[in-house]
Amino acid sequence: MVKKYSYGKVFVTDAVIENIMCSDERVEYFDIQDNKDGYELTRTMHTNDVVYGLGQSVRGINKRGWIYRMNNTDDPVHSEDKTSLYGSHGFAVFDGETDKFGVFIDYPGQYTFDIGYSDIDEMKIIIPNDTNDKKPEFDVYIIIGDSVNDIVKQFRRIIGKSYIPPRWAFGYGQSRWSYQDEAAVREVIKSHRDNNIPLDSVYLDIDYMDNFKDFTVSEEKFPDFKEFVDEVKSENVHLVPIIDAGIKIEKGYKIYDEGIQNGYFCKDENGKEYEVTVWPGLTHLPDFLNPDAGKWFGRQYKTLIDDGIDGFWNDMNEPAIFNMDEKDYDSFYHETPEGRVRHSDVHNLYGYNMTRAAGEAFDKLSPDTRLLLFSRSSYIGMHRYGGMWMGDNMSWWSHLLLNLKMLPSLNMCGFMYTGADIGGFGGNVTEELLLRWMALGVFTPLMRNHSALGTRRQEVYRYKNIDAFRNIITLRYALLPYIYSEYMKAVINDDMLFKPLGFVYSEDAAAKRVEDQLLLGESIMIAPIYTQNAVGRYVYLPEKMKLIRFRGANEYSCEILEKGHHYIDVSTDEVPVFLRYDRMLILGNGACSENEIDYQNLRAITFSDEVIKYMYYNDDGYTKDINNKNNIRELLSSDMEE
Ligand code: GLC
């Protein structure tokens, strides 16, 4: 059951798309204080209560013990002491000794979840007055269910279906800030192909543009872009260009001129276009909260789509502003259907609406074919239009673990197509870190190696253990039928792809405390290595499982492990997978690109004494006929070869 309580009239965010009647009762589970500074919702936590959720944020799967500010922020060095990241996802699930419920605060301005920070036994949601010192207007949703799973599913149902990318976007992607020109891109592709390392996409970072102007391509670096896109496609590689939020101020630049003519940029209080500095230098910010401006911006993607591009990443859309003054976000305004609003009061919606503008345009520009789209900044609701990557992380072991922890929290909030910059964006990676990170990356829907300008090169073919990298990435292609099948079923059923152990083994107190293992779909558990120089790790098995040590798509060894704690050895060229009892892990044969995968002839590793079945989802990988009954097939273990 979902209950909605309104405090005033919230700015329409479209985070929730189901029509829910407002309750005029008291908000359940919380004490509410209405004070001169805003509202505070307070709830006592008992020793064993666990709080899940909050999407993209620092720290644990259990969010207890820190303070999280809903305030989309471009913070590449997100260490443990940070309180905000790129997205704001204000949905938490309280798994308590006495109560279980979900809470979502739909409020696009800044607010805070203080989960045992100020008072170790209290969870507090603090929603301050807006920038005019007026009472904040927001909606509270309380979701009541039998289990944490059930609560998440109900929440996912009211926020609408998650975005589905084309299937090739589950292949391996290589990115770098920046592959400067045709020659650089060709070299990346050739080096993968020559070394038999699978590859499906190469990302174009800001330098492909003419002076960082969105929707332009430098003619000097890419003299015939359309032809180049074709050339690359003939090698089974998709080019994925970046699109930044800001538009360069330059007379004669079509997008700038049109934006000015139509009043599509954010303006200051006197109605003058607001100026900020981002990559292109002086820049205006498109007013994505003005639907006409959004439609106009969305149409611009057509130029690149016409060149054959079928995937994009939207960046700098918090919006990021260089040398930001504290007052910047207070100083510009949006022209919205609800009138003029100050940016700070709706700040967390900016990246969402940029991506929504693109996603809605794609429905028109490419009505039959899915396009790849993901964003850096987000708010709940954006999950319907695109995926998101986890932003600028660092080549740190702690960020490998953070990558794992964010996966289920993001899934709870609808963000299914996600992944981190494998190997880390900032700082210098080591070969060992890259191998271990890749061994987690093989499981994430977005599997992209990306790194920053000036850092150590991170393409896997540059390293000594090239065989190990090849084997791990090839394993991804063997796992792809399973990952895609589980992804699609999860989206269709409003389920999570990655679950904390406590979601499945809810009666197992030890399982509930595990912060470094996850269930992936219905069949397997993952437990990556995230410590430097480790030769293995401790794992907790909530039931008897089959440990599969993969050393590539076709090479693996199996061992049955009993329920309980174990130390397992895992060398840097291995990927451990734990198969649950009575479950099946389907496997393809690996391939060098997604479209070479044979989705019909699958093998399976099973763990059961009986004949068991697996519901296998597959489709053509690019059209939108998701719910076609023929997409689901029952596979019997007795028919499958190992
Ligand atoms: C931002 C993005 C990063 C990109 C860089 C240059 O930092 O998060 O991925 O490489 O900008 O465009």
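Atom set for the values below is all heavy atoms of this structure, side chains included, hydrogens, waters and symmetry mates excluded. When a ligand or atom number is given, it counts from 1 through the structure's own listing order.
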* Asked: Do Leu402 and Trp396 come within less than 4.5 Å of each other through their side chains, counting heavy atoms only?
  -> no
* Applying side chain to side chain donor-acceptor pair (under 3.5 Å), name anything that partners Asn211, two or more places apart in sequence or on another chain. => none
* Results of side-chain contact (heavy atoms from CB on, under 4.5 Å) for Asp325 - residues two or more places apart only -> Lys327, Asp328
* Asked: Under a strict 4.0 Å criterion on non-hydrogen atoms, which protein residues are in contact with ligand 1?
  -> Trp177, Asp205, Ile206, Ile242, Trp279, Trp313, Asp315, Met316, Arg376, Trp389, Asp392, Phe425, His450
* Asked: Hey, is Lys272 close enough to Asp268 for a salt bridge, meaning N to O under 4.0 Å?
  -> no
* Structure fact -> Residues at least two apart in sequence or cross-chain that pass side-chain contact (heavy atoms from CB on, under 4.5 Å) with Glu187, listed by chain then number, are Ser191, Tyr461, Arg462
* Please determine if Arg384 and Asp14 form a salt bridge, counting it only when a charged side-chain N lies under 4.0 Å from a carboxylate O. => no
